[in-house]
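For this chain, numbers begin at 1 and follow the sequence in order. Predicted, not measured: the structure shown is a model, and the values here were computed from it.
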Amino acid sequence: MKKNTGIIDRLLLFTLIPTVFIALYLIFIWSPVERIMGASQKIFYFHVGSAWVAFLAFGVVGYYSVRVLIKPRLQHHINAGISAEIGVLFTTITLITGMIWGKSSWNTWWTWEPRLATTLILWFIYVAYLFVRKMDGSTEKIARLSAVFGIIGAINVPIVFMAIRWWNTKLHPVVFGEGKNQSGGGIEPDMLVALLFSIFTITVLYAFLMRKGIEIEKMRHIVKRAKSKAIEKLAG
């Protein structure tokens, strides 16, 4: 099992390294410069990729949170927590790149546009989720309570995604279709290739961080249990 785990980790790493360089080439050299926004449009590829991985991460949190409530296992609790940490990281990147995009496109760092507002709410939910996991108490109670927050956050993900379609905002662009009927919009083929490859690259990065995070968290729990046993032995 450990041998297979090592093979998967190396495979992810050896996949990640070249794809990062290819993605950077596609974004900054191969893809055309947008006619209106110019070079600042390039942040779009990092923004969309980070948003996708944030949604993926919180979907994973929701899945393992449900499993924690149905059949509590420490592994489920660990998986949900690591995915949430990665999700918060990429949601933060999404918000920051979105603000930079907004300054270039709308001439303002922030506006209470539906997609931005719901994304910020999602960020707060999962920051609260991480704080709940750090509370004092039994692991079982903390796991169940945090699972509830995880499920609430996961439910908010499709709301964030559909916000600009449901409210038909005029500010935030819809790349794959425009408005409630999903007609119009679109992206140039070269830009689409760079976008899809950047999404793939950041997804591989998520998988790599997820596996390493789980490994570190397992080691932390092993050390914690050994420490508790040592203290009990000394006290006895």
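- In this structure, NZ on Lys218 lies 7.0 Å from CD1 on Ile78, to the nearest 0.5 angstrom.
- Residues Leu205 and Phe28 fall within the same hydrophobic cluster, defined by Ile, Leu, Val, Met, Phe, Trp and Tyr side chains chained together at heavy-atom separations under 4.5 Å.
- Separating the CZ atom in Phe131 from the CE atom in Met135 is a distance of 12.0 Å, to the nearest 0.5 Å.
- Counting Ile, Leu, Val, Met, Phe, Trp and Tyr side chains that sit under 4.5 Å apart, directly or through other members, Ile70 shares a hydrophobic cluster with Val66, Leu69, Ile151, Ile155.
- Taking all atoms of both residues into account, the shortest heavy-atom contact from Tyr129 to Ala84 is CE2-CB, 3.3 Å.
- Nearest approach of Asn79 to Met210, heavy atoms of both residues: O-CE, 3.2 Å.
- Atom OG1 of Thr201 sits about 10.0 Å away from atom CZ of Phe46, to the nearest 0.5 Å.
- Residues Ser146 and His77 come closest through the heavy atom pair OG-CE1, 3.6 Å.
- Annotation: the span from Ile43 atom CD1 to Ile93 atom CD1 amounts to 10.5 Å, rounded to 0.5 Å.
- With sequence neighbours left out, the ring pair (Phe, Tyr, Trp, His ring centres under 6.0 Å) criterion links Tyr64 to His76.
- For residues 19-33, the side-chain hydrogen bond (donor to acceptor under 3.5 Å, both in side chains) pairs, not counting sequence neighbours, are Ser31-Lys42.
- The shortest non-hydrogen separation linking Gly49 to Ile199 is CA-CG1, 3.9 Å.
- Looking only at side-chain heavy atoms (C-beta outward), Gln75 and Ile214 come within less than 4.5 Å of each other.
- Atom OH in Tyr126 sits 15.0 Å away from atom CG in Leu89 (nearest 0.5 Å).
- A side-chain donor from one of Tyr206 and Ser83 sits under 3.5 Å from a side-chain acceptor of the other.
- Placement of Phe58 and Ile202 within a single hydrophobic cluster is found when ILVMFWY residues are connected by side-chain heavy-atom separations under 4.5 Å, directly or transitively.
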Audit row: Leu120, Phe124, side chain to side chain contact (heavy atoms under 4.5 Å, CB included) steps and yes/no: CA-CA 6 Å; Leu120 183 62; Phe124 277 118; 3.6 Å; yes
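- To the nearest 0.5 Å, the span separating CG on Leu26 from OG on Ser198 amounts to 8.5 Å.
- Hydrophobic clustering (ILVMFWY, side-chain heavy atoms < 4.5 Å, transitive): Val33 and Val193 are in distinct clusters.
- In this structure, Val20 is not a member of the same hydrophobic cluster as Leu11, with clusters built from ILVMFWY side-chain heavy atoms closer than 4.5 Å.
- Shown here for Ile82 and Gly213, the closest heavy-atom pair between the two residues is CD1-O, 3.5 Å.
- The side-chain heavy atoms of Met99 and Leu116, taken from C-beta on, include no pair separated by under 4.5 Å.
- The backbone N or O of Thr94 lies less than 3.5 Å from a partner atom in the side chain of Thr97, making a donor-acceptor pair.
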Hey, mind stepping through Phe44 and Val48 against side chain to side chain contact (heavy atoms under 4.5 Å, CB included) and telling me if it holds? CA-CA 6 Å; Phe44 161 81; Val48 175; 3.4 Å; yes
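- Between the side chain of Ser65 and the main chain of Gly150, no donor-acceptor pair closer than 3.5 Å is present.
- Of all the heavy atoms in Phe149 and Ala128, the pair that sits closest is CE2-CB, 4.1 Å.
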Run the side chain to side chain contact (heavy atoms under 4.5 Å, CB included) test on Ile100 and His47 for me, step by step, so that the C-alpha distance in whole Å, both residues' side-chain angles and the decisive distance to 0.1 Å come before the verdict. CA-CA 10 Å; Ile100 297 172; His47 176 70; over 6 Å; no
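- The pair Arg220-Glu217 counts as a salt bridge, with a side-chain nitrogen and a carboxylate oxygen less than 4.0 angstrom apart.
- With hydrophobic clusters built from ILVMFWY side chains whose heavy atoms lie under 4.5 angstrom apart, Phe14 does not share a cluster with Phe21.
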